[in-house]
Amino acid sequence: MGEHDSVLRGIPLSISQVESITGINKPTLRYWEKNFTGYLAPNRSDGNQRHYNMEEVHKILQIKKLLKAEGYTIVGARKKLGLGD
């Protein structure tokens, strides 16, 4: 994905696009947004649609790594990211 970062850096991505890029489904992305408040916060359009940037995509991939690959719980992942409990 790194090679595409520079192309996508300034382009807002929809939740569907982020789902395709990260492999994380939309309900899970919404759930993570609620549980990782202060860390994961996509911009919102006037119509309240989520618009992600590449920084947010990288954060999602970090959360995915902590939860799926390393086996952290939500609470443990929050602590690992410095978000407290």
Side-chain angles (χ1 to χ4, degrees):
M1 188 170 79
E3 65 191 62
H4 301 293
D5 284 4
S6 61
V7 174
L8 296 174
R9 191 161 312 280
I11 300 172
L13 302 169
S14 71
I15 195 168
S16 294
Q17 291 169 314
V18 172
E19 178 182 43
S20 294
I21 292 168
T22 64
I24 302 298
N25 65 36
K26 290 181 237 179
T28 300
L29 289 169
R30 292 182 192 108
Y31 179 77
W32 287 358
E33 185 180 336
K34 289 178 186 172
N35 282 275
F36 290 91
T37 304
Y39 181 72
L40 184 60
N43 292 320
R44 297 290 188 129
S45 70
D46 292 339
N48 208 30
Q49 292 181 321
R50 289 166 178 85
H51 288 278
Y52 297 85
N53 59 35
M54 287 311 298
E55 181 180 344
E56 295 296 322
V57 171
H58 286 291
K59 289 177 180 180
I60 290 164
L61 293 173
Q62 180 65 33
I63 293 168
K64 178 181 179 180
K65 178 182 172 193
L66 290 170
L67 298 177
K68 309 285 184 184
E70 297 182 14
Y72 282 88
T73 62
I74 294 278
V75 172
R78 285 181 50 78
K79 287 181 182 178
K80 183 79 172 172
L81 294 169
L83 301 174
D85 36 65

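For residues 21-30, every residue pair satisfying the side-chain hydrogen bond (donor to acceptor under 3.5 Å, both in side chains) rule, not counting sequence neighbours, is listed here: S16-K26, N25-T28.
Closest approach of I60 to V18, counting heavy atoms only: CD1-CG1, 3.6 Å. Closest approach of K59 to L40, counting heavy atoms only: CB-CD1, 4.4 Å. In this structure, E56 and A41 approach most closely via the heavy-atom pair OE1-N, 3.1 Å.
Checked by atom type and distance alone, the side chain of Q17 pairs as donor or acceptor with a backbone atom of S14 at under 3.5 Å.
With sequence neighbours excluded, no residue satisfies salt bridge (charged side-chain N to carboxylate O under 4.0 Å, His left out) with E19. Contacts of D46 classified as side chain to side chain donor-acceptor pair (under 3.5 Å), with partners at least two apart in sequence or in another chain: none. In this structure S20 satisfies the side chain to side chain donor-acceptor pair (under 3.5 Å) test with no other residue, sequence neighbours excluded. Under the side chain to side chain donor-acceptor pair (under 3.5 Å) criterion, E33 pairs with R44, R50, sequence neighbours left out. Evaluation of the salt bridge (charged side-chain N to carboxylate O under 4.0 Å, His left out) rule for K80 yields no partner, not counting sequence neighbours.
Atom CD of Q49 is surrounded by 12 or fewer heavy atoms from other residues, nucleotides or ligands within 6.0 Å.
Side-chain contact between K64 and W32 is present, with at least one heavy-atom pair separated by less than 4.5 Å. With contacts defined as side-chain heavy-atom distances shorter than 4.5 Å, the pair Q62/H58 does not qualify. In this structure, Y52 and I21 have side chains that are not in contact, with every pair of non-hydrogen atoms separated by 4.5 Å or more.
For the atom pair CG of N53 and CD1 of I11, the computed distance is 12.0 Å after rounding to the nearest 0.5 Å. Taken to the nearest 0.5 Å, the CG atom of L83 stands 9.0 Å off from the OG1 atom of T37. Rounding to the nearest 0.5 Å places NZ of K79 at 14.0 Å from CG of L66.
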Run the numbers on L81 and I63 for side chain to side chain contact (heavy atoms under 4.5 Å, CB included), then give the verdict. CA-CA 9 Å; L81 294 169; I63 293 168; 4.1 Å; yes
